[in-house]
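What follows is a set of notes on a single structure, which appears directly below.
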Amino acid sequence: MIEIQPVRKPINATIEVPGSKSYTNRALLVAAMAHGTSTLTGALFSDDTRYMCNALQKLGVKVDADEKLATFDVHGNGGEIPVSGAELYIGNSGTTSRSLTAYVSLGHGKFVIDGDEPMRHGRPIADLLDALRQIGVSARTQFENGHLPVIIEADGLKGGKTRLDVSKSSQFLTALLLIAPYAKNGMEIEVVGNREMPYIDITRSVMAAFGVQVISEDYKFFRIEGGQQYQPRVYNIEPDASNASYFFAAAALTGGRVTVQHLNLDSAQGDLQFVHILEQMGCQTTVSNTGITLTGPRQLKGIDVDMRTISDTALTLAAIAPFADSKVTIRNIEHTRWQETDRIHAMVTELRKLGVPVVEHQDGLEISPAPITPAAIDTYEDHRMAMAFSLIGLKTNGIQINNPECVNKTFPNYFEVLQELYS
């Protein structure tokens, strides 16, 4: 448990957040499939990226990691998986589990992918397995419940046409796209379900950086020609926009000013759009060559917002919502019920514990302004719950965060960086 101390005046800080988890894990896998050695700089070292790195090493990929320099040297195998089977453990990492499930289909042998209890019960994978079976992959869950453990009995990947439901997660599509260049016949993917998928833009940008092109028709249909090869290169990972959201929100909450270095609004990371939500609440944003600066108002305004495409920042907004001058409504995030925890219900439960009036909907919530009752916040083994709700402690005494170590998933030194706001 950790208790957050309120700040006594508007903050004024320049912050550096670690590399993007989304970019790091995608680049690790792409580099593993390249023919030659790639160097990833500015990379994230966290639970999620370590699970990916360790799994790749078990699959015969040589990876040299230097956490102090934030670099990975990945010696790619040209799309080959040299081992004839493996049991892979991915903790609570959704990106790792989905991407590896597709990746091992390039191999020859039996591969088992398993993880922590939340992965075994809360995070679905059945739609990805269905899409893989349509292109000839033997893919099933051990207990036929649509969750890990997954068993892939691989014999190379022919590819072809498949149909994929992305309503629960766009990570299913990312997994297929990343391996598609190494399918013998390439891959054609018809997408059903909600097609507003900013994370697919990240996937395509990483693939393009390593020399592979994806043809897309309005996110409804994707075609990747077979026979393409990822080219090894030096690749710089940009800072994580989702993790930057907490520091922008801290400025908004305290009427202060925060600069997050090395970020640019032209990034493919959709969560950078969170600053525009804060602008609607009264904040001001300045973009320079060195980063993005956000200045908070004297009083935050209420807002009604669709957060489907930037749902990882919905928790950040929920945490600062009680301090607005009117109701904050968050819509269209039903898919977050199948993430690290049921995030909608978790937000509602913890806000009510703080004395905040909240209305829960299937796809979102309505939060009314209210004085805060001190409480210990449960984090549900969800890194974003811990980081988002810590913001409330910047304004209110008596806010404690249970299991703060869960931030190791994507931002191990989060609470150390948070301390920089008090300087």
Side-chain angles (χ1 to χ4, degrees), residues 26-36 38 56 59-61 76-86 88 95 97-111 113 125-141 150-166 169-193 195 197 199-232:
R26 284 163 173 79
L28 279 168
L29 188 58
V30 165
M33 288 184 277
H35 190 75
S38 297
L56 291 173
L59 292 170
V61 180
N77 292 326
E80 299 290 330
I81 297 180
V83 302
S84 59
L88 307 173
T95 54
S97 69
R98 279 81 180 252
S99 296
L100 288 177
T101 293
Y103 174 58
V104 297
S105 69
L106 300 176
H108 298 271
K110 182 178 179 180
F111 300 89
I113 300 166
I125 201 165
D127 292 322
L128 173 59
L129 301 184
D130 179 61
L132 286 169
R133 285 192 291 266
Q134 292 173 50
I135 51 176
V137 178
S138 172
R140 59 187 172 87
T141 57
V150 162
I151 299 170
I152 305 292
E153 297 184 67
D155 190 25
L157 184 64
K158 294 185 177 68
K161 296 182 179 179
T162 189
R163 191 168 186 265
L164 174 67
D165 187 341
V166 297
S169 177
S170 67
Q171 290 176 4
F172 304 152
L173 179 56
T174 283
L176 293 181
L177 290 173
L178 291 175
I179 64 164
Y182 293 91
K184 183 178 179 181
N185 302 318
M187 204 177 295
E188 296 182 6
I189 307 165
E190 178 190 353
V191 174
V192 297
R195 285 184 289 273
M197 296 179 289
Y199 282 98
I200 298 308
D201 294 333
I202 295 177
T203 302
R204 294 175 67 187
S205 73
V206 175
M207 293 173 70
F210 284 81
V212 167
Q213 298 302 314
V214 177
I215 299 168
S216 171
E217 297 177 10
D218 194 29
Y219 297 90
K220 298 176 183 176
F221 180 86
F222 293 83
R223 185 169 75 251
I224 306 92
E225 298 292 341
Q228 298 186 74
Q229 286 264 347
Y230 291 121
Q231 303 302 313

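If you're wondering where the values come from, they're calculated on a predicted model, not measured in any experiment.
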* Straight-line distance of Met33 CE to Leu178 CG, nearest 0.5 Å -> 5.5 Å

* Just jot down the salt bridge (charged side-chain N to carboxylate O under 4.0 Å, His left out) partners of Glu80, sequence neighbours excluded, or say none. => none

* Note, Arg204 side chain near Ser216 side chain (heavy atom, < 4.5 Å) -> yes

* Structure fact -> Closest non-hydrogen atoms of Met187 and Ile135, given as atom of the first, atom of the second and distance, are CE-CD1, 3.9 Å

* Asked: Quick one: are Ile215 and Phe221 in side-chain contact, heavy atoms under 4.5 Å?
  -> no

* To do: Only counting residues at least two apart or in another chain, list the ones meeting salt bridge (charged side-chain N to carboxylate O under 4.0 Å, His left out) with Glu188.
  => none

* Side-chain contact test, heavy atoms from C-beta onward, threshold under 4.5 Å: evaluate it for Ser38 versus Phe210 and give yes or no. => yes

* Structure fact -> Between Ser97 and Ile125, the two heavy atoms sitting closest are O-CD1, 4.2 Å

* Structure fact -> Nearest heavy-atom contact between Ser99 and Leu29 is CB-CD2, 3.7 Å

* With distance as the sole test, does Asn77 use its side chain to make a donor-acceptor pair with the main-chain N or O of Gly60 at under 3.5 Å? -> yes

* Residue pair Gly85 / Phe111: nearest heavy atoms and the distance that separates them -> CA-CE2, 3.6 Å

* What do the steps show when you test Leu173 against Phe222 for side chain to side chain contact (heavy atoms under 4.5 Å, CB included), and what is the final call? -> CA-CA 10 Å; Leu173 179 56; Phe222 293 83; 3.6 Å; yes

* Checking Gln134 side chain against Arg163 main chain: does a donor-acceptor pair fall under 3.5 Å? -> yes

* Asked: Ser170 side chain to Tyr199 main-chain N or O, any donor-acceptor pair under 3.5 Å?
  -> no

* Asked: Can you name the closest pair of heavy atoms from Gly78 and Tyr182 and give their distance?
  -> O-CE2, 3.5 Å

* To do: Compare all side-chain heavy atoms of Met207 with those of Tyr230 and state whether any distance is below 4.5 angstrom.
  => yes

* Do NZ/NE/NH1/NH2 and the carboxylate oxygens of Lys110 and Glu153 come within less than 4.0 Å? -> no

* Structure fact -> Closest heavy-atom pair, Leu56 versus Leu28, reported as atoms and distance to 0.1 Å, is CD1-O, 3.7 Å

* Sequence-distant partners of Arg133, salt bridge (charged side-chain N to carboxylate O under 4.0 Å, His left out), two or more places apart -> none

* Flag the pair Ile189 / Leu177 as yes when at least one side-chain heavy-atom distance between them is below 4.5 Å, and no otherwise. => yes

* **Under 3.5 Å donor-acceptor, Ser205 side chain and Ile202 backbone** => yes

* For side chain to side chain contact (heavy atoms under 4.5 Å, CB included), just list the numbers for Leu128 and Leu176, CA-CA rounded to whole Å, side-chain angles, deciding distance to a tenth of an Å, and then say yes or no. => CA-CA 8 Å; Leu128 173 59; Leu176 293 181; 3.9 Å; yes

* Evaluate the criterion side chain to side chain donor-acceptor pair (under 3.5 Å) for residue pair Thr203 and Arg26; output intermediate values, then yes/no. => CA-CA 7 Å; Thr203 302; Arg26 284 163 173 79; 2.8 Å; yes

* To do: Go through the steps to decide whether Leu88 and Leu59 satisfy the test side chain to side chain contact (heavy atoms under 4.5 Å, CB included), and finish with yes or no.
  => CA-CA 9 Å; Leu88 307 173; Leu59 292 170; 3.9 Å; yes

* Apply side chain to side chain contact (heavy atoms under 4.5 Å, CB included) to the pair Val192 and Val166, showing each step before the final yes or no. => CA-CA 6 Å; Val192 297; Val166 297; over 6 Å; no

* **Candidates Leu129, Ile151, Ile113 - the one meeting side chain to side chain contact (heavy atoms under 4.5 Å, CB included) with Thr141** => Leu129

* Any Lys220 side-chain heavy atom under 4.5 Å of Val191 side chain -> no

* Asked: For Gly211, does its backbone N or O pair with a side-chain atom of Gln213 as donor and acceptor, under 3.5 Å?
  -> no

